[in-house]
Amino acid sequence: MPQFPEQASTHWILSTFIYTVGAIAVLLVVVGLVFIDVGLVRRRNVLDTALQKIGAAMVGGLGTLLIGYPLWQWQFNQAFGVPDPFWQAVRDWWLGGAFTTTASRYIDPSALPEADVLQIFLVFFVTFTMATVALIHTGVVERIKPVPLHVMSFVIGAVLSPLVGYLCWGSLSPLTLRGTHDFDGVFPLYITAGTFVLVLAWRVGPRLGAFHTHPTGARPAAQNLSFVGIGTLLILLALPFVTIGSGYIVPDVGFFGISFTESGIGVVIVNLVAAIIGGAVVGLLLAHRRREPTWAFLGPISGVVITGTLLDVGNAWQCLLVGALGPLVGLGTASILRRLRIDDPKVVPLALGPGVVGAVLTGFVEWGTRTGGYIGLEGPYAVGVAQITPWWQLAGVGATMLVAGVPAFLMCLLFERFGGLRADAAEEVTGLDRTRWGLENSSDDLDPRGVDDAAAPGAARAATAEPAEPAVPVAPAESATITSP
């Protein structure tokens, strides 16, 4: 078999290493979400929460690894005139495809230049899906059944998130070529996850005691808020590497946003830090003003989300000021959800609200900035073929919400008809750790209850089991916000 040593040049190997770090850094986001949710759920649901999140993330990643990635590659085949572009992408990039399974030095650069980089982008998409699914699980913790969650996770990874990426994320995607601009995955990650959670949380219903007193006294209760701070720091640690992975590195030319916008690695990281600080300061002020500490932890994340479409084309002042709006938009979104009695104090307020507002705001702030196209192509695919506008940003938001929201609703209806979406109330009161796994997360060998559970796990599934926490009557959680999920 002929070899093509130019595929292994120092430039491409360095780029491959950078993208590998970015891809693996996304897993830190998943770890951070595990810590955040473990801190915010009731003590008797800690183990099940961690297991469900990690399991769902892996199943979603399987969907992308198996068949999802070709959807994103479809746009490149269209632009480069590949015959039968979609099915050729499937043949090349599914799990057993020619480009997925062949070492780069055996791939002709005329067919696929920088093969190693694009193979690592497959891994980037897999971990990106894992983060998306983990974020979706965050919106329905402590009550969703495992089977619906895992089936939905696979569909998200195999179809929905890659399809949004095909439409909105990439320099040759159909909406990008008309003026829709993204950089840090706002459309395929934040708006997709937020929309899906909005539908899913509505159909699953609120946690026991979230809005009305439950007879048993069950209610949302954070078991360790300090874990939210640890999770946030892990996510912030990952973000610079993830951000660098959201663009093109062209040897001897420079760094470009994923829409082939003029940018630079230094500028992007400075903008990211400015967005983090803007969201952090306002989040801290809200935390003190409202006596709700999680705003101080999650404010920086909302600052990153609201600037995700701006980081590559904006400047530090813009990102600082727009990032500062993140917690305020999150607070407003949370207030609307409470009025609608939709129990999700995290994902929709932090991902959907700031994601949509930030995307549209970028359309105004960077109105007229060139975007789209690919280096070396001409005509409708030339670099800078489109201009950023608020209208095309809105089009991207609408397309993303349709792609995520309609299937979410249909799958919810399907599972409601066959088997249900939600755990039984008796299971929720007893605790999902005991009812699903027959043990407690903090059990001890000398704890009689722990020994009984180990000896007869079926006993823990009895509907008459005593609550793991005292059943103390409480007032309706009318003032529940992001700090008391």
Side-chain angles (χ1 to χ4, degrees), residues 71-81 85 160-192 194-195 243 246-248 250 254-264 267-268 271 275 304-315 318-319 321-322 325 329 351-405:
L71 276 170
W72 188 70
Q73 285 289 343
W74 182 15
Q75 61 183 286
F76 296 95
N77 283 2
Q78 289 175 313
F80 283 91
L160 302 186
S161 185
L163 181 57
V164 174
Y166 164 76
L167 292 172
C168 304
W169 196 78
S171 60
L172 296 171
S173 70
L175 291 179
T176 301
L177 292 172
R178 289 162 175 80
T180 301
H181 175 73
D182 193 4
F183 173 65
D184 215 18
V186 170
F187 292 102
L189 173 54
Y190 302 122
I191 297 179
T192 296
T195 302
T243 299
S246 299
Y248 294 111
V250 181
F255 178 85
F256 299 84
I258 195 65
S259 299
F260 244 110
T261 46
E262 295 282 347
S263 193
V267 168
V268 164
N271 289 351
V304 171
V305 173
I306 201 170
T307 57
T309 55
L310 184 64
L311 294 175
D312 61 326
V313 291
N315 59 48
Q318 292 170 337
C319 291
L321 296 176
V322 174
L325 294 176
V329 174
L352 183 59
V356 169
V357 171
V360 176
L361 193 57
T362 295
F364 286 100
V365 173
E366 293 296 327
W367 200 334
T369 299
R370 292 288 175 178
T371 188
Y374 195 87
I375 191 168
L377 296 181
E378 298 179 351
Y381 302 110
V383 172
V385 68
Q387 297 182 31
I388 299 173
T389 69
W391 329 121
W392 281 108
Q393 294 298 92
L394 275 171
V397 169
T400 301
M401 295 186 73
L402 282 173
V403 169

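For the single chain, residues carry numbers from 1 onward in sequence order.
Smallest separation of non-hydrogen atoms from Arg370 and Gln387: NH2-NE2, 3.3 Å. The nearest pair of heavy atoms linking Val360 to Gln393 is CA-CB, 4.1 Å. Among all heavy-atom pairs drawn from Ser246 and Asp184, the shortest one is OG-OD1, 3.4 Å. Considering every non-hydrogen atom in both Ala79 and Leu377, the closest pair reads CB-CD1, 4.1 Å. Closest heavy-atom contact between Gly165 and Pro188: N-CB, 4.2 Å. When every heavy atom of Leu177 is checked against every heavy atom of Gly373, the shortest pair comes out as CD2-N, 3.7 Å.
Checked by atom type and distance alone, the side chain of Asn271 pairs as donor or acceptor with a backbone atom of Leu311 at under 3.5 Å. When atom types are taken as modelled, the side chain of Trp72 and the backbone of Leu163 share no donor-acceptor pair closer than 3.5 angstrom. Here the side chain of Thr371 pairs no donor or acceptor atom with the backbone of Ala386 at under 3.5 angstrom.
In terms of the side chain to side chain contact (heavy atoms under 4.5 Å, CB included) criterion, residue partners of Val305 (sequence neighbours excluded) are, by chain and number, Tyr190, Ile301, Pro354. Shown here are the side chain to side chain donor-acceptor pair (under 3.5 Å) partners of Thr362, two or more places apart in sequence or in another chain: Thr309. Contacts of Val357 classified as side chain to side chain contact (heavy atoms under 4.5 Å, CB included), with partners at least two apart in sequence or in another chain: Ile306, Val329. A search for side chain to side chain donor-acceptor pair (under 3.5 Å) contacts involving Gln318 returns nothing, not counting sequence neighbours. With sequence neighbours excluded, no residue forms a side chain to side chain donor-acceptor pair (under 3.5 Å) with Gln75. Remark: Thr195 pairs with no residue by the side chain to side chain donor-acceptor pair (under 3.5 Å) rule, at least two apart or across chains.
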Derivation and outcome, side chain to side chain contact (heavy atoms under 4.5 Å, CB included), residues Phe80 and Leu172: CA-CA 10 Å; Phe80 283 91; Leu172 296 171; 4.3 Å; yes

When the side chains of residues 257-264 are checked against the rest of the protein, which donor-acceptor pairs come out under 3.5 Å, sequence neighbours left out?
residue, atom, partner, partner atom, Å
Ser259, OG, Asp182, O, 3.4
Thr261, OG1, Asp312, OD2, 2.5
Ser263, OG, Asp312, O, 2.9

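The NE2 atom of His181 sits 4.5 Å away from the CD1 atom of Ile388 when rounded to the nearest 0.5 Å.
Applying the side chain to side chain contact (heavy atoms under 4.5 Å, CB included) test between Phe187 and each of Thr180, Thr192, Leu175 identifies Thr180 as the sole match. The side chain to side chain contact (heavy atoms under 4.5 Å, CB included) test with Val164 is passed by exactly one of Leu402, Thr400, Leu189: Thr400.
Within the 4.5 Å cutoff, the side chain of Trp74 has heavy atoms near those of the Pro85 side chain.
Between Tyr248 and Tyr374, the angle of the ring planes goes over 60°, which puts this pair in the perpendicular group of the 30/60° scheme.
Within the structure, every pair that satisfies the ring-ring contact (aromatic ring centres under 6.0 Å, His included) test and touches residues 376-401, not counting sequence neighbours, is listed here: Trp367-Trp391.
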